[in-house]
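Letters go in sequence order (proteins before strands), and every chain restarts at 1. Atoms considered below: every heavy atom in the structure, side chains included; atoms not considered: hydrogens, waters and symmetry mates.
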Protein chains: 2
Amino acid sequence: METTTLQRAYDVYEDRCPTRLVLDRIADKWALLILDRLRGEPVRFNHIRRDIKGISQKVLSQTLKKLERDGLVSRTVYPTVPVTVEYALTPLGQTLTETVATLAHWAERNMDAVLTAQKTYDAAAELR
Amino acid sequence: METTTLQRAYDVYEDRCPTRLVLDRIADKWALLILDRLRGEPVRFNHIRRDIKGISQKVLSQTLKKLERDGLVSRTVYPTVPVTVEYALTPLGQTLTETVATLAHWAERNMDAVLTAQKTYDAAAELR
DNA sequence: GAAACAAGGTTTCCAAACGAAACTAGGATA
DNA sequence: TATCCTAGTTTCGTTTGGAAACCTTGTTTC
């Protein structure tokens, strides 16, 4: 009888599971907006920056780099003048587009319900 | 001809759109894990804490409070001894369960692809 | 009657992360 | 020489995050 180390399946509920790191990457406001924006054709750095209003260059740069490292986004440099850099979803990233779009735009469809809930909550808290 | 202020539709790509605040709430590692855990029957505070390994009481408490304020989660107190507090998804929160589950568990299904991508990326960065 | 335990939190404190603004690089254009 | 372009990086003050200790109400144990 041999002794083997059982390879546990990945479990995001476990503290030290590497999936936690990935979840932390995609469960992020800016990452979701970027992934959502990249649905469709490739987009250049400053184009993304203009479209996602309020994102800083630093955060855009950092987030793209992490998404690229995790294989969700590809980065292509064209030696034009000035240089052109295009970002696009990889096939892996494309597996998330539907989910990302649903989550990113959920607030747009349910904003009124959320605002109503907040008013109710705040009114009740007022009485305490 | 009368002049009216056109009420623009909510747009999460706009900087000051209130949907951004809601996106920030749900596009969060802990919030997603909590919402995922609440699928099904109501769960007590310490039960959630035990299940989502590594979450601190402070973060659990804060996140639940925000989710409750936004109308995604309900909080029910039972006057037992000691007191029992149950959290559950509201109907509004339930509209997110499918999406949340897909995103929260995406990493479990794609971890190997992500790890491979990271290795490739790091090896290429090494050469620079 | 003094500890210990239970549930459900809050407070404290230090480190890590964030964002706005300034700065950089390489080259083209005026 | 000065300015503009894309695509970033750096700086620095502020905010947020997590770990650990503490709190409250009430029961059981010693």
Q: May I ask whether A:M111 and B:L21 are part of the same hydrophobic cluster, defined by side-chain heavy atoms of I, L, V, M, F, W, Y residues being less than 4.5 angstrom apart, directly or through others?
A: no

**Q.** Pair B:K53-A:E14, salt bridge (charged side-chain N to carboxylate O under 4.0 Å, His left out): steps then yes or no
**A.** CA-CA 5 Å; B:K53 294 180 184 125; A:E14 288 298 323; 2.8 Å; yes

In terms of side-chain heavy atoms of [X], which of [options] is nearest?
{"X": "B:P82", "options": "D:dA7, C:dG8, C:dA6", "result": "C:dA6"}
{"X": "A:V85", "options": "D:dG8, C:dG8, C:dG19", "result": "D:dG8"}
{"X": "B:Q57", "options": "C:dT11, C:dG9, D:dT11", "result": "C:dG9"}
{"X": "B:R44", "options": "D:dG8, C:dG8, C:dA20", "result": "C:dG8"}
{"X": "A:K58", "options": "C:dA7, D:dT27, D:dT10", "result": "D:dT10"}

What nucleic acid atoms does [X] come within less than 4.0 Å of, heavy atoms only: base, sugar-phosphate, or nothing?
{"X": "A:Y78", "value": "nothing"}
{"X": "B:T80", "value": "nothing"}
{"X": "B:K29", "value": "nothing"}

Under 4.0 Å between a side-chain N or O of [X] and OP1 or OP2 of [N]?
{"X": "B:K65", "N": "C:dT10", "answer": "yes"}
{"X": "B:Y87", "N": "C:dA7", "answer": "no"}
{"X": "A:W30", "N": "C:dG19", "answer": "yes"}
{"X": "A:R75", "N": "D:dG8", "answer": "yes"}
{"X": "A:S61", "N": "D:dT9", "answer": "yes"}

Let me know the distance between [atom1] of [X] and [atom2] of [N], rounded to the nearest Å.
{"X": "B:I52", "N": "C:dG8", "atom1": "CD1", "atom2": "P", "answer": "15 Å"}
{"X": "B:N46", "N": "C:dT10", "atom1": "CG", "atom2": "P", "answer": "13 Å"}
{"X": "A:K66", "N": "D:dG8", "atom1": "NZ", "atom2": "P", "answer": "16 Å"}
{"X": "A:Q62", "N": "C:dA20", "atom1": "CD", "atom2": "C1'", "answer": "13 Å"}
{"X": "A:L64", "N": "D:dT6", "atom1": "CG", "atom2": "P", "answer": "17 Å"}
{"X": "A:F45", "N": "D:dA7", "atom1": "CZ", "atom2": "P", "answer": "8 Å"}
{"X": "B:D28", "N": "D:dT16", "atom1": "CG", "atom2": "P", "answer": "13 Å"}
{"X": "A:D15", "N": "D:dG17", "atom1": "CG", "atom2": "P", "answer": "17 Å"}

**Q.** Residues A:Y121 and B:D70: side-chain donor-acceptor under 3.5 angstrom
**A.** no

Q. At their closest point, which heavy atom of A:A117 faces which heavy atom of B:G71, and how far apart are they?
A. CB-CA, 3.5 Å

**Q.** For the student: nearest non-hydrogen atoms of B:L96 and B:L72, plus distance
**A.** CD1-CD2, 4.2 Å

Q.
Regarding B:D122 and A:R69, does a basic nitrogen lie under 4.0 Å from an acidic carboxylate oxygen?
A. yes

**Q.** Given DNA chain C, 5'-ward residue of the pair A:V83 and A:I55, judged by closest heavy atom
**A.** A:I55

